[in-house]
Every structure is written in C-alpha cells, then in structure tokens.
Amino acid sequence: MPALRSAAAAALLLASVAVADEVYYDSSAWLSGSYGSAPVQTFMSSNLTPPAFNIETAPTSASNYSLLSYRGTATTQPAPLIMDSNGSLIWSGSADGYTNTMNTLVQTYKGEPVLTFFTGDFYSGGYGQGAWQMLASNYSVVGTVATLNETTEGDNSDFHEFFITENNTALVESWRVTEADLSGVSGYDSANPATWTWDCVFQEIDIETNTLLFEWRSLEHVDPSETYFEISDGSGNSSSNPFDHCHINSVEKDAKNNYLVSMRGPSTIYYIDGTTSEIIYRISGKNTNFTMGTDATFWYQHDARFRSDNTVSPYNLSIFDNAAGGSGDVETSARGIVLSIDTDAMTAELVWSAAPSFNTTAPSQGSHQILDNGDHVIGWGAVPQFSVYSEAGEPIEDVRFGVNASTVQSYRAFKQDWIGYPLTTPSFALNTSHAFASWNGATEIASWQLLGGSSADSLSSISTNTKDGFEATMSYNSSYTYLAAAAISSDGTCLGVSDVYEVSSLATTGTAGTCPSGTTVAASGSGSSSSTTSTSAAASVRVGGLLGAVFALMLIL
C-alpha cells in the first residue's frame with residue numbers, strides 16, 4: 001500500500017532505503033491536520049500525489065474501486081481518480097493533464113465500458129462551463145460531448161450531470177442567464193428588483209451524430225417562486241450576477257422516455273413528460289403532488305435515481321439529502337435515503353436511510369449509489385468522505401480523503417469495476433540499493449519482474465515481486481550495470497516494460513526495455529497478447545498502439 005511521504009522525504013529516498021508502506025486507520029494525527037489539510041501519497045517512480053486515505057471503517061474484504069473527482073483549494077494535484085479499497089492509487093488523470101474535474105464515473109457506450117468526467121471551468125456560484133470526456137480502457141479519448149445550440153461561444157455544459165442512456169444518447173445540463181419575474185422569491189426588493197436568473201436546461205444528445213434530440217428549460221415550466229433560495233447580496237440585479245432559483249443537478253431517463261430531474265433550489269424532484277415537456281408530478285417541495293411520510297421530506301438534494309421499475313407502483317427512488325444549502329441547516333444531518341413512491345395513493349414513504357459518521361449536514365454536492373449486491377455507497381460531497389452501508393443500514397466502509405470540508409472535496413463518489421490497459425509504459429526509478437516501479441492506470445498487474453544485466457539491450461529477470469499497492473519496491477545488488485522492470489499479469493503475459501536505467505548514474509538510458517525471455521507479449525493498450533512470444537530479452541513489448549487504436553475506433557463507429 002502506498003506510503004504517506006513528504007516531497008522532501010521522497011527526494012532523500014533516492015539515496016536511501018524506501019520507508020515501509022503505510023495506510024492510516026482512524027488516525028487522530030491525520031484527522032487533527034498534523035499532515036496538513038490535504039495529506040497525500042508520494043512515490044519514487046512517479047510525480048503523482050493522490051490523497052492519502054484515512055480509513056475510519058475498513059471493509060472486511062476487497063471491494064470495488066473508489067472513483068473520485070478530487071479537488072478543492074487545499075489540493076495540490078486535483079484530478080479524476082481511481083483508488084482501491086486499501087487506499088492505493090490505480091489511476092490519476094493528472095498524468096494526462098486532467099486537473100479540476102467532476103463526476104468521474106464508469107458508464108457503458110456501445111456495449112463497452114468508458115470512463116467519463118467533466119473538464120472545464122468552475123465558478124463560485126456552483127456551476128461550470130465545459131465538456132464531458134469519454135475514455136476507453138486504454139485511456140484514449142473516444143468522445144467529447146457538450147450541450148448544443150448555445151448562444152455563447154465554446155463548450156457550455158454544466159458539470160452536474162452526464163448520463164449515457166441505453167440508446168447511446170447523453171443527458172447533459174446547461175445553466176443559461178435569462179430575465180424573469182422574481183417577485184415571488186423571498187428577499188425580492190421592489191425598490192431594487194432582481195430580474196436576472198439562471199434558466200436550468202437539460203438536453204438529450206445523440207453522441208454519435210452530435211444532434212439534439214430533446215431540450216427542457218426550467219423557466220418554461222417552473223415558477224422561480226418555487227425555490228427556497230433567497231435573493232441576497234444583489235444577486236439577480238444584473239446578467240453578470242444572476243440569481244440561482246433552480247440549481248439542476250441530476251437527470252435520468254426511464255423506459256417510458258420520461259425524465260427524472262432533481263433541482264436543489266425548490267428541494268423538488270420533477271418527473272417530466274419526454275414528449276410534451278410538461279411536469280407530470282413533483283416530489284416534495286412547495287408544490288408537491290405527494291403526501292410526504294415521516295422523515296421522507298428532503299432538502300437541497302442531489303442525485304435522484306430510479307431504483308426499481310417505475311412502470312409499477314410503488315417504485316423506489318434513491319436520493320442524497322443535503323439537509324442544508326439555503327439560509328441555514330434544515331435538518332441536523334445529511335442522509336442517503338430511499339423513498340417508496342406510490343403513484344396510486346400519491347404518497348412518498350421513507351424505506352431506507354443512513355447518516356454520516358460526522359453527524360452534520362453536507363453544504364453542497366453529494367451522491368447515492370446502490371450496488372448490485374444491495375450495498376449503498378454515499379459520497380458526502382463538500383465533506384471529503386465516502387461511506388458504504390449494507391442493505392440493512394450497517395456501516396461497511398468509511399473513508400476520509402481530506403481533513404477540512406470544502407477545501408478538499410469530490411462532487412460524487414462511486415464504487416465500480418474497471419479494467420485499464422494504458423498506452424504508456426511503466427515508470428521506473430533507482431536509488432543505490434532499490435528499484436521502484438509503477439504504472440498509472442494499469443489494473444491487471446499481478447507481479448513485477450526486476451530485469452538486470454550488463455547490456456542495456458540484453459536484460460533478464462533477476463527477481464519476481466508480487467504487486468502490493470501502486471508502487472513496487474525491489475532490492476538489487478551492484479553487480480548489475482543496467483536495470484528495468486516488467487509488469488506481468490496473472491497468466492504470465494508481459495504487459496509492459498519500463499525504460500532501461502543505468503545503475504551508475506541512477507538515470508534512464510532512454511532505451512525502451514524489452515520483455516523477459518519466454519513471456520507472451522501483450523499488444524500496447526490491451527491485455528490481449530500479440531502474435532509473438534519473447535524468445536530473448538530483446539523481444540520488444542512495444543508492438544505499437546494499433547490494437548488500442550482499433551478499440552477506440554470501434555467505440556466511435
């Protein structure tokens with residue numbers, strides 16, 4: 001498991017033995033900020049600095065990977081992240097230039113898994129402008145999607161939602177500045193009337209053809225007076241400072257071609273007709289169509305999702321209840337909740353809930369995922385923590401990845417499977433007695449083979465080291481002039497080899513390493529083997545990126 005090390009300590013290790021790997025379990029020093037407000041991991045073979053996890057409740061067995069969009073003012077290397085259940089890094093998008101991102105998620109497009117996330121600009125009003133990236137398993141970009149027919153230049157998708165449907169279309173959102181009657185909103189001052197607000201818009205777009213299939217605008221259907229947000233500090237008095245009455249944050253499409261939309265300002269979930277655009281019903285809020293049962297009312301929510309077949313009544317919805325977001329806290333604690341929605345009796349009843357271990361509200365963001373085994377994954381948004389609960393509501397896993405709320409955060413948090421075969425080669429570094437190897441994004445490494453020899457183009461295996469965490473630490477002796485590391489899968493396939501390093505200089509020769517003799521060589525960017533088997537150490541692992549490129553092309557065609 002990766003160690004928590006300062007950059008200075010990492011530099012010193014170039015001339016010393018690497019410290020033991022560590023993981024933090026409910027560390028009072030970590031939580032008190034002794035390691036800073038955003039503790040990170042550092043490595044010898046990589047300049048990536050993902051967050052250090054403080055595991056407050058550890059899973060009893062290995063779980064799915066954790067997907068985060070790590071960001072905040074205290075972070076030094078914000079990035080989309082995939083981490084394992086031990087807090088070890090799997091992939092950081094920082095290596096490819098992805099920094100501030102939102103909503104890192106594995107979705108399915110044309111039958112293949114794709115990694116999706118938002119890139120663009122973030123604004124203090126809680127919205128963004130940018131586009132959505134779609135990455136194949138080799139981390140090449142196979143698609144970029146943004147809202148269409150905008151009046152301003154550039155990509156204008158908001159960061160709150162990107163949902164790929166079963167029909168290979170995308171649901172995306174946009175916030176548009178619009179003039180409207182705000183006289184019914186709390187805080188409205190007729191002597192200095194606010195007239196500018198955001199119009200919350202969502203679109204359905206055909207990804208392959210980049211054509212607009214459907215568009216819905218909140219101001220055509222929702223009066224701003226439905227909001228619980230209050231006009232203050234001059235908001236709404238100009239187009240450069242619009243009032244936020246809606247704050248749309250999730251959209252989903254059902255089998256009836258209707259849409260489920262969460263808008264935070266009205267604390268309401270809207271069910272919208274996909275043909276007429278009319279609101280079929282509202283769940284909670286000032287104009288709710290449902291009688292809300294005990295503890296079923298939610299406030300300033302995020303991430304509303306169908307959790308059972310809504311063609312049958314009652315059906316279930318999962319929601320992240322922030323419990324805060326207006327002028328103050330409405331409830332004592334944020335929650336993940338599941339509601340039973342009875343469209344015959346028009347009632348909404350609470351059937352599942354879980355509160356965080358920190359027992360406070362979540363001022364912004366948040367997510368609620370239900371896994372196939374019934375476990376619930378809650379991302380606490382502005383609070384840098386995610387939790388997993390059983391179907392019975394018992395805590396299974398609780399992880400903190402930053403000390404202070406808002407200065408470190410992740411809009412949503414997910415637990416998912418992912419298989420990655422990067423097009424890059426493994427990273428490598430040396431000190432006087434140890435070699436270090438890692439490979440950002442490679443999920444199928446079972447072991448590392450340290451390769452050594454007297455010639456840079458003729459190296460053989462000198463040790464095999466079981467993979468344990470992101471970076472491998474391997475000892476060597478001074479009898480070798482050159483060293484490199486090969487990543488080996490569980491079936492013995494050579495997935496990739498680092499550059500060859502010269503022991504005397506502890507620096508790279510610039511020569512690509514080759515797979516050890518007798519191993520099957522994987523094609524670049526794929527776990528599939530090429531047509532060759534290495535019969536000598538000179539057989540190259542870099543057979544080219546052709547297979548990876550073909551895979552990416554298949555997703556587009």
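Quantities reported herein were computed from a predicted structural model and do not represent experimental measurements. Index from 1, following the sequence.
- With values rounded to the nearest 0.5 angstrom, Leu68 atom CG is found 11.0 Å from Ser92 atom OG.
- Scanning both residues, Val251 and Glu161, for their nearest heavy atoms gives N-OE2, 2.9 Å.
- A salt bridge is absent between Glu444 and Lys467: the closest approach of a Lys/Arg side-chain nitrogen to an acidic carboxylate oxygen does not fall below 4.0 angstrom.
- Rounding to the nearest 0.5 angstrom, the gap separating the OG atom in Ser66 from the NZ atom in Lys415 is 3.0 Å.
- A 4.5 Å side-chain heavy-atom check between Glu397 and Phe386 finds at least one atom pair inside the cut-off.
- Looking at Ser88 and Asn86, their side chains never bring a donor and an acceptor atom within 3.5 Å of each other.
- Contact record, Pro516 with Gln449: CG-OE1, 3.4 Å, taken as the closest heavy-atom pair.
- Looking at Asn168, its side chain does come within 3.5 Å of a backbone N or O of Lys110 through a donor-acceptor pair.
- Between the side chains of Ser463 and Asn465, at least one donor N or O sits under 3.5 Å from an acceptor N or O.
- Here the side chain of Ser387 pairs no donor or acceptor atom with the backbone of Ile378 at under 3.5 angstrom.
- Rounding to the nearest 0.5 Å places CG of Asn138 at 13.0 Å from CD1 of Ile419.
- Considering all non-hydrogen atoms of both residues, Val377 and Ala413 come closest at CG1-O, 4.1 Å.
- A heavy-atom distance below 4.5 Å is not found between the side chains of Ser157 and Val145.
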So Trp352 and Ile370, side chain to side chain contact (heavy atoms under 4.5 Å, CB included) or not? Walk me through it.
-> CA-CA 12 Å; Trp352 189 94; Ile370 302 180; over 6 Å; no
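- Side chain of Asn322 to backbone of Ala362: a donor-acceptor contact under 3.5 angstrom is found.
- Shown here for His434 and Thr473, the closest heavy-atom pair between the two residues is CD2-CG2, 3.6 Å.
- A distance of 8.0 Å separates OG1 of Thr493 from CD1 of Ile488, quoted to the nearest 0.5 Å.
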Could you walk me through whether Arg71 and Thr101 pass the side chain to side chain contact (heavy atoms under 4.5 Å, CB included) check?
-> CA-CA 7 Å; Arg71 56 186 294 270; Thr101 59; over 6 Å; no
Report the C-alpha distance between Val503 and Thr481 in whole Å, list the side-chain angles of each, state the deciding distance to 0.1 Å, and finish with yes or no for side chain to side chain contact (heavy atoms under 4.5 Å, CB included).
-> CA-CA 5 Å; Val503 172; Thr481 307; 5.8 Å; no
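- Taking 4.5 Å as the limit, some side-chain heavy atom of Pro39 sits within range of a side-chain heavy atom of Val403.
- With hydrogens and angles disregarded, a donor-acceptor distance shorter than 3.5 Å links the side chain of Tyr139 to the backbone of Gly441.
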Asp26 and Asp398: CA distance, side-chain angles, deciding distance, side chain to side chain contact (heavy atoms under 4.5 Å, CB included) verdict | CA-CA 10 Å; Asp26 209 7; Asp398 206 14; over 6 Å; no
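- Atoms CG and CG, on Asn100 and Asp121 in that order, are 9.5 Å from each other to the nearest 0.5 Å.
- Each of Asn316, Ile319, Leu317 was scored for a side chain to side chain contact (heavy atoms under 4.5 Å, CB included) with Arg307, with one residue passing: Asn316.
- By the 30° and 60° cut-offs, the orientation of the rings of Trp91 relative to Phe117 is tilted.
- Judged by distance alone, with hydrogens and angles left aside, the side-chain atoms of Gln301 form no donor-acceptor pair with the main-chain N or O of Ser262 at under 3.5 Å.
- The heavy-atom pair separating Leu459 from Gly453 by the smallest distance is CD2-N, 3.5 Å.
- Across every non-hydrogen atom of Val497 and Ala486, the tightest pair is CG2-CB, 4.0 Å.
- Side-chain contact check for Phe122 versus Met102: some heavy-atom pair is nearer than 4.5 Å.
- Between the side chain of Asn431 and the backbone N or O of Ser433 there is at least one donor-acceptor pair closer than 3.5 Å.
- Taken to the nearest 0.5 Å, the CH2 atom of Trp132 stands 11.5 Å off from the CG atom of Leu171.
- Put simply, the side chain of Ile207 reaches to within 4.5 Å of the side chain of Ile164, judged on heavy atoms.
- Judged purely by atom type and a 3.5 angstrom limit, Ser137 has no side-chain atom pairing as donor or acceptor with the backbone of Tyr421.
- Here Phe118 and Tyr411 keep their ring centres 6.0 angstrom or further from each other.
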Hey, mind stepping through Asp303 and Ser250 against side-chain hydrogen bond (donor to acceptor under 3.5 Å, both in side chains) and telling me if it holds?
-> CA-CA 5 Å; Asp303 201 23; Ser250 71; 5.1 Å; no
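- A donor atom on one side chain and an acceptor atom on the other are found under 3.5 Å apart for Gln385 and Ser357.
- Between Tyr389 and Trp380, the ring planes lie perpendicular to each other; the angle is over 60°, past the 30° to 60° tilted range.
- Donor-acceptor pairing under 3.5 Å is lacking for the side chains of Ser46 and Ser427.
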Can you check side-chain hydrogen bond (donor to acceptor under 3.5 Å, both in side chains) on Ser45 and Ser438, steps first, answer last?
-> CA-CA 6 Å; Ser45 58; Ser438 61; 2.7 Å; yes
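- Between Leu81 and Thr104, the closest side-chain pair of non-hydrogen atoms is not below 4.5 Å.
- Of the possible donor and acceptor atoms, none in the side chain of Asp158 sits under 3.5 Å from a partner among the backbone N and O of Glu173.
- The main-chain N or O of Ser69 is found under 3.5 Å from a side-chain atom of Ser410 such that the two form a donor-acceptor pair.
- A donor-acceptor pair is defined here as one N or O able to donate and one able to accept, closer than 3.5 Å; no such pair exists between the side chain of Asn103 and the backbone of Phe159.
- When each of Tyr501, Phe43, Phe436, Trp439 is tested with Phe428 by the rule ring-ring contact (aromatic ring centres under 6.0 Å, His included), just one qualifies, namely Tyr501.
- Residues Tyr476 and Leu430 meet the side-chain proximity criterion, which asks for heavy atoms closer than 4.5 Å.
- Gln41 places none of its side-chain heavy atoms less than 4.5 Å from the side chain of Phe470.
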